[in-house]
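Report on one structure; see the data block that follows.
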Amino acid sequence: MEFRDLKRQYQYLKSDMDIRIQEVISQANFIQGRQVADLETQLTDYTGTKHCVTCANGTDALQLALMVWDIGEGDAVFVPDFTFFSSGEIVSAVNAVPVFVDIEPDTYNIDCDSLEALIQKVIQEGRLQPKAIVAVDLFGQPADYERLRKIAEKYHMYILEDAAQGFGGRIGERKACSFGDISTTSFFPAKPLGCYGDGGAVFTDNDEWAALLRSYCVHGKGSSKYDNVRIGMNSRLDTLQAAVLLAKFPVFAEKELDWMQGIAAKYTEQLKDAVKTPVIKDGFYSSWAQYTIRLSDRAQRDGLQAYLKGQGIPSAVYYQKPMHRQAAFAGHGYDDGDYPVTNMCSETVLSLPFHPYMTQEEILMVCGAVKQYVKG
Ligand SMILES: *Cc1c(COP(=O)(O)O)cnc(C)c1O
């Protein structure tokens, strides 16, 4: 069994996919081909945003946003403690300071009470200026943007929505990638909408920021790419990857998202009495980047993972180490006592095999094994 079966997905998409890939190779328009612009148009239509600027990966997408806002030395950026390394890495990469924030135990997203307490602490200390909140849509579920927006307005901060795992999610009718002042996603193969390599995108309604993004991602270009008016980076989405995404996107939007709701519902029906199953808030819709359960303690989690492995069932721990404990962020004086929920989750979570092409038999096999182990 595969954790995320991209081979099965390819078999489903093969006829259209092969034609589209071959077309790029035949036309040899590998950089900034028409497919890139087509994809950007489709993604703005879908997310309901004004601008989509594709780039080389989801990490660059986040960093480009901080560059547009001119965030740097002396600035504090608030980031959930339970996320992929990138969400904090980009803050240090522009010489600002990441302030990690504990999460909600049910959704694994940033906890707004802890966030506000830490913003006030930073203001009181007076050393750093609070500038932005990186709100991560973890495992596919959007963060609580209604509350985040109130906090951001109160303290005059930007919201950067990290929807690397959240593309396809929504709150009510409003789609992920439209909640931030700038929002980003990743097309890494295992993400909800993945390409066949690295890729990413940045979304915003702000014309001025969109123009800056287009400049920063092509060496700070001015009127042409040989007129360089600022220091930027080389971060473009390959035409081949855009072609792959054009083949995948309609199937993702029209079929895979629905299939995943059904698979998640089946998992939860089977597992809800045995383990802590995912909680999706009322009115929220997850794109199911991961199906993550929680066990009673580290021994039970590690034991279950080993047991599943013995049965030929892959699983993964997202995330083993809270951000505030990463060696790369040492020296910022984080207080381990500020992160009780993240610390608990890092010891007890386990993500199960999950993808739109799972069969009922596979789901039942995974659930049977989990229940068997937990029962002892
Ligand atoms: C995957 C991921 C990223 C980074 O995306 P890449 O395309 O791999 O650079 C950033 N944030 C989160 C939450 C992610 O899961």
Side-chain angles (χ1 to χ4, degrees), residues 3-4 6 39 43 52-67 77-94 98 100-101 103-104 107-110 132-143 145 148 159-169 176-177 179-180 182-203 213 216-217 233-238 240-242 244-245 248 286-292 316-324 326 328-329 342 345-346 349 351 354-355:
F3 187 69
R4 201 165 183 97
L6 297 173
L39 178 72
L43 297 184
C52 168
V53 180
T54 52
C55 63
N57 56 68
T59 307
D60 283 0
L62 289 164
Q63 186 170 334
L64 284 160
L66 298 188
M67 290 166 77
V77 177
F78 297 76
V79 180
D81 196 38
F82 195 61
T83 178
F84 182 61
F85 186 65
S86 288
S87 315
E89 179 180 33
I90 46 112
V91 177
S92 297
V94 300
F100 295 116
V101 182
I103 54 162
E104 301 175 335
T107 65
Y108 307 109
N109 282 330
I110 196 164
I133 302 159
V134 177
V136 178
D137 301 340
L138 204 75
F139 302 150
Q141 176 166 215
Y145 288 100
L148 286 168
I159 296 178
L160 173 52
E161 178 187 2
D162 177 355
Q165 300 180 17
F167 189 86
C177 293
F179 297 114
I182 297 180
S183 304
T184 64
T185 196
S186 162
F187 303 123
F188 182 83
K191 306 286 177 172
L193 178 63
C195 59
Y196 288 166
D198 280 308
V202 191
F203 300 84
L213 287 165
Y216 276 124
C217 70
M233 44 199 206
N234 175 18
S235 188
R236 292 171 296 221
L237 183 72
D238 292 344
L240 264 173
Q241 300 303 346
V244 168
L245 288 164
K248 283 199 182 190
S286 176
S287 59
W288 294 105
Q290 302 295 339
Y291 187 92
T292 302
V317 175
Y318 303 118
Y319 293 92
Q320 301 264 0
K321 197 186 265 201
M323 298 286 265
H324 77 276
Q326 293 285 5
F329 298 121
T342 304
C345 289
S346 65
V349 291
S351 299
F354 196 96
H355 59 83

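First listed ligand is number 1; within each ligand, the first listed atom is number 1. Nothing fancy with the numbering, it's 1 onward along the sequence. No hydrogens, no waters, no symmetry mates; every other heavy atom, side chains included, goes into these values.
Residues that satisfy the salt bridge (Lys or Arg N to Asp or Glu O under 4.0 Å) test with Glu104, not counting sequence neighbours, are Lys281. Qualifying side chain to side chain contact (heavy atoms under 4.5 Å, CB included) partners for Cys52, counting only residues two or more places apart in sequence or in other chains: Glu40, Leu43, Thr44, Thr54, Ala201, Phe203. Under the ring pair (Phe, Tyr, Trp, His ring centres under 6.0 Å) criterion, Phe187 pairs with no residue at all, not counting sequence neighbours.
No side-chain heavy atom of Lys191 sits less than 4.5 Å from a side-chain heavy atom of Phe167.
Below 30°, between 30° and 60°, or above 60°: for Tyr108 and Phe139 the angle between ring planes is above 60°, a perpendicular geometry.
Of the N and O atoms on the side chains of Asp238 and Tyr196, not one donor lies less than 3.5 Å from an acceptor on the other residue.
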Atom pairs and distances, ligand 1 N/O vs protein N/O under 3.5 Å:
residue	atom	partner	partner atom	Å
ligand 1	5 (O)	Ser186	OG	3.4
ligand 1	7 (O)	Gly58	N	2.7
ligand 1	7 (O)	Ser186	OG	2.7
ligand 1	9 (O)	Gly58	N	3.3
ligand 1	9 (O)	Thr59	N	2.9
ligand 1	9 (O)	Thr59	OG1	2.5
ligand 1	11 (N)	Asp162	OD1	3.3
ligand 1	11 (N)	Asp162	OD2	2.7
ligand 1	15 (O)	Gln165	NE2	2.8
ligand 1	15 (O)	Lys191	NZ	2.6

